[in-house]
2 protein chains.
Amino acid sequence: MTRVLVVEDEPGLRRALAINLRARQYEVAVAADGASALAAASRQPPDVVVLDLGLPDMDGTEVIAGLRGWSRAPIIVLSARAGEPDKVVALDAGADDYVTKPFGMDELLARLRAALRRSATAQDAPVVATEAFTVDLAAKTVKDRSGEPVRLTPTEWHLLEVLVRNQGKLVAHRQLLNEVWGPRYETENHYLRVYVAQLRRKLEADPSRPRHLITEPGIGYRFVVA
Amino acid sequence: MTRVLVVEDEPGLRRALAINLRARQYEVAVAADGASALAAASRQPPDVVVLDLGLPDMDGTEVIAGLRGWSRAPIIVLSARAGEPDKVVALDAGADDYVTKPFGMDELLARLRAALRRSATAQDAPVVATEAFTVDLAAKTVKDRSGEPVRLTPTEWHLLEVLVRNQGKLVAHRQLLNEVWGPRYETENHYLRVYVAQLRRKLEADPSRPRHLITEPGIGYRFVVA
DNA sequence: CCGCATCTTGACGCGTCCTTGATGCCGAGC
DNA sequence: GCTCGGCATCAAGGACGCGTCAAGATGCGG
């Protein structure tokens, strides 16, 4: 069954969305603020997210960034703000669609179907194997050479996932920090050093001579398979 | 380069769309009616389609169906009709997004970027190859003739990137310094000599006789592939 | 309320990179 | 032939970034 995460602080609308979606045989999880949305999403990864931008606790783009760090599930943004700049910011942050309140339930459902149709066809092989370890992006698991699972903390996994998804490409400090920690942490390069070091210690055969998690001095990091 | 097919019968809007898209480095094909749109799409498969529903010769959903028969390129629908049923019909027919006229150009461009981001398969590799080395702008990698990666420092890479982006064109000292070091360094021509020399030493077959990183005395530098 | 895992923050040594100066070369102009 | 300005090359210093270790904070589950 398709799992929808509804993030909406207004109780009435939240209920209405949940009822309508459940009536169409979707499995619905709800959250009233950004923090619980991210928690719920990590606990039960949704297939699509309906996200109200006007949340009490976090900026909407931070929620988008938090989700995009590890999930490609379509994000449909709801907002009372019809201004163009708001739409551009949300879409460029990683949202897939932007619906202005008030909206019709039929339209939202149609946009939801369109988003799901796309993501159904866009599934690529989410397993990447190196000589030292294997990453399964779908199952969110990492195994070492002998097949033993490797324990990663949530942040370690976020970071690894972003790097693996851009395999071969150089990912800038700024982009990594933005996708894993959010836009407000774009200058905290020290976080990267600490967590890259931890990943290397857990994954690389010789952590002091990394072969897959490569430093590009002054620019960022790169994951290479060979 | 990303190819956009614009299907719009109104000449003014068609021109405006084409101009704006070309200004953003998209490759634009235009069509004024459904039949020529389908013909153009089959001749030159687009990466994304911007489709006005109010065409003179065919119903919009027919055009969508005609495209969806063989192409998965995202379709962004433009329409003057804001009614919900129209949106639902178009989206369920296979459209990816529905924008109501009048719309802002920035919003359309943002929705276009969002659509393209999803169809990750449509990414051309912006790779520039010379006989001595190969530059991959997306992955930020440089390889020499034997395929070995070349290590560049951040400043070296930044400088090379600007030159390669303007391949064939002459880039003035002032512009290079401005883009790499910032506006306050526009007179530090010495920096350029040092770093161009380093790039030549790392990339050119015969650094003292450069064939790709060319000095234009008194003006600037130029990158040429052949 | 406590304990543990995780995240954040700090300090330090080391290596690399940026900046800057010195020197030689070449061509243009006098 | 000489001088001068722009360019190429080399070298050295100091600054900065990176890796590493470890000690507080923080938050979560029991």
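Predicted model only: the values in this text are computed from it and were never measured.
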Whole-Å gap separating [atom2] ([N]) and [atom1] ([X]):
{"X": "A:Leu152", "N": "C:dC7", "atom1": "CG", "atom2": "C1'", "result": "15 Å"}
{"X": "A:His190", "N": "C:dA11", "atom1": "NE2", "atom2": "P", "result": "10 Å"}
{"X": "B:Asn189", "N": "C:dT19", "atom1": "CG", "atom2": "P", "result": "14 Å"}
{"X": "A:Leu199", "N": "C:dT6", "atom1": "CG", "atom2": "P", "result": "13 Å"}
{"X": "A:Lys202", "N": "C:dA5", "atom1": "NZ", "atom2": "C1'", "result": "10 Å"}
{"X": "A:Trp157", "N": "C:dT6", "atom1": "CH2", "atom2": "P", "result": "15 Å"}

Review point. Where along residues 171-187 of chain B does a heavy atom come under 4.0 Å from DNA chain C, residue by residue in number order?
Key: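 Nucleic-acid contacts, sorted: B:Trp181.
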Practice item. For A:Ala32, check side-chain contact (heavy atoms from CB on, under 4.5 Å) against everything at least two apart and list the hits. Key: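 For A:Ala32, the residues satisfying side-chain contact (heavy atoms from CB on, under 4.5 Å) (neighbours in sequence not counted) are A:Arg14.
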Review point. For A:Glu186, which residues count as a side-chain contact (heavy atoms from CB on, under 4.5 Å) partner, sequence neighbours excluded?
Key: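 Residues passing side-chain contact (heavy atoms from CB on, under 4.5 Å) with A:Glu186: A:Arg174, A:Asn178.
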Does the side chain of [X] pick up a donor-acceptor pair with the side chain of [Y] at under 3.5 Å?
{"X": "A:Ser79", "Y": "A:Tyr98", "value": "yes"}
{"X": "A:Arg24", "Y": "A:Thr2", "value": "no"}
{"X": "B:Thr130", "Y": "B:Arg145", "value": "no"}
{"X": "B:Arg193", "Y": "B:Asn189", "value": "no"}

Review point. Step by step, would you call A:Arg165 with A:Glu179 a salt bridge (Lys or Arg N to Asp or Glu O under 4.0 Å)?
Key: CA-CA 12 Å; A:Arg165 220 169 36 230; A:Glu179 294 207 37; 3.7 Å; yes
**Study point:** Proximity to the side chain of B:Tyr195 - top-ranked nucleotide from C:dA11, C:dT19, C:dA22
**Key:**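 It is C:dT19.
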Review point. Do B:Asp97 and B:Lys87 pass the salt bridge (Lys or Arg N to Asp or Glu O under 4.0 Å) test, and can you show the C-alpha distance, the side-chain angles, and the key distance before you say yes or no?
Key: CA-CA 9 Å; B:Asp97 206 342; B:Lys87 299 187 187 180; over 6 Å; no
Classify [X] by what it touches in the nucleic acid, base, sugar-phosphate, or nothing, heavy-atom distance under 4.0 Å.
{"X": "B:Arg209", "value": "nothing"}
{"X": "A:Arg201", "value": "nothing"}
{"X": "B:Val194", "value": "base"}

Exercise for review: Please list, in 5' to 3' order, the outermost nucleotides of DNA chain D lying under 4.0 Å from any heavy atom of chain A.
Suggested key: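 Range of nucleotides touched by chain A: D:dG17 to D:dT20.
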**Study point:** Nearest atoms (heavy-atom pairs only) where A:Leu108 meets A:Leu17
**Key:**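 Closest pair (atom of A:Leu108, atom of A:Leu17, distance): CD2-CD2, 3.4 Å.
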Point to revise | Candidates A:Trp181, A:Tyr221, A:Trp157 - the one meeting ring-ring contact (aromatic ring centres under 6.0 Å, His included) with A:Tyr195 | key: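 Of all the options given, the one that passes is A:Trp181.
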Under 3.5 Å, which donor-acceptor pairs link side chains of residues 47-58 of chain A to any protein atom two or more places apart or in another chain?
| residue | atom | partner | partner atom | Å |
| --- | --- | --- | --- | --- |
| A:Asp47 | OD2 | A:Arg3 | N | 2.7 |
| A:Asp52 | OD1 | A:Gly54 | N | 2.9 |
| A:Asp52 | OD2 | A:Lys101 | NZ | 2.7 |
| A:Asp57 | OD1 | A:Gly34 | N | 2.8 |
| A:Asp57 | OD2 | A:Gly34 | N | 3.2 |
| A:Asp57 | OD2 | A:Ala35 | N | 2.9 |

For a quick test of reading the model: is some side-chain N or O of [X] closer than 4.0 Å to OP1 or OP2 of [N]?
{"X": "A:Thr153", "N": "C:dT6", "answer": "no"}
{"X": "B:Tyr191", "N": "C:dC18", "answer": "no"}
{"X": "A:Arg193", "N": "C:dA11", "answer": "no"}

Check your understanding: Could you go step by step and tell me if B:Glu131 and B:Arg211 meet the salt bridge (Lys or Arg N to Asp or Glu O under 4.0 Å) rule?
Key -> CA-CA 10 Å; B:Glu131 61 192 15; B:Arg211 299 203 46 200; 2.5 Å; yes
**Study point:** Interface with DNA chain D, restricted to residues 210-219 of chain B and to heavy atoms under 4.0 Å
**Key:**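 DNA chain D contact set from residues 210-219 of chain B: B:Thr215, B:Pro217, B:Gly218.
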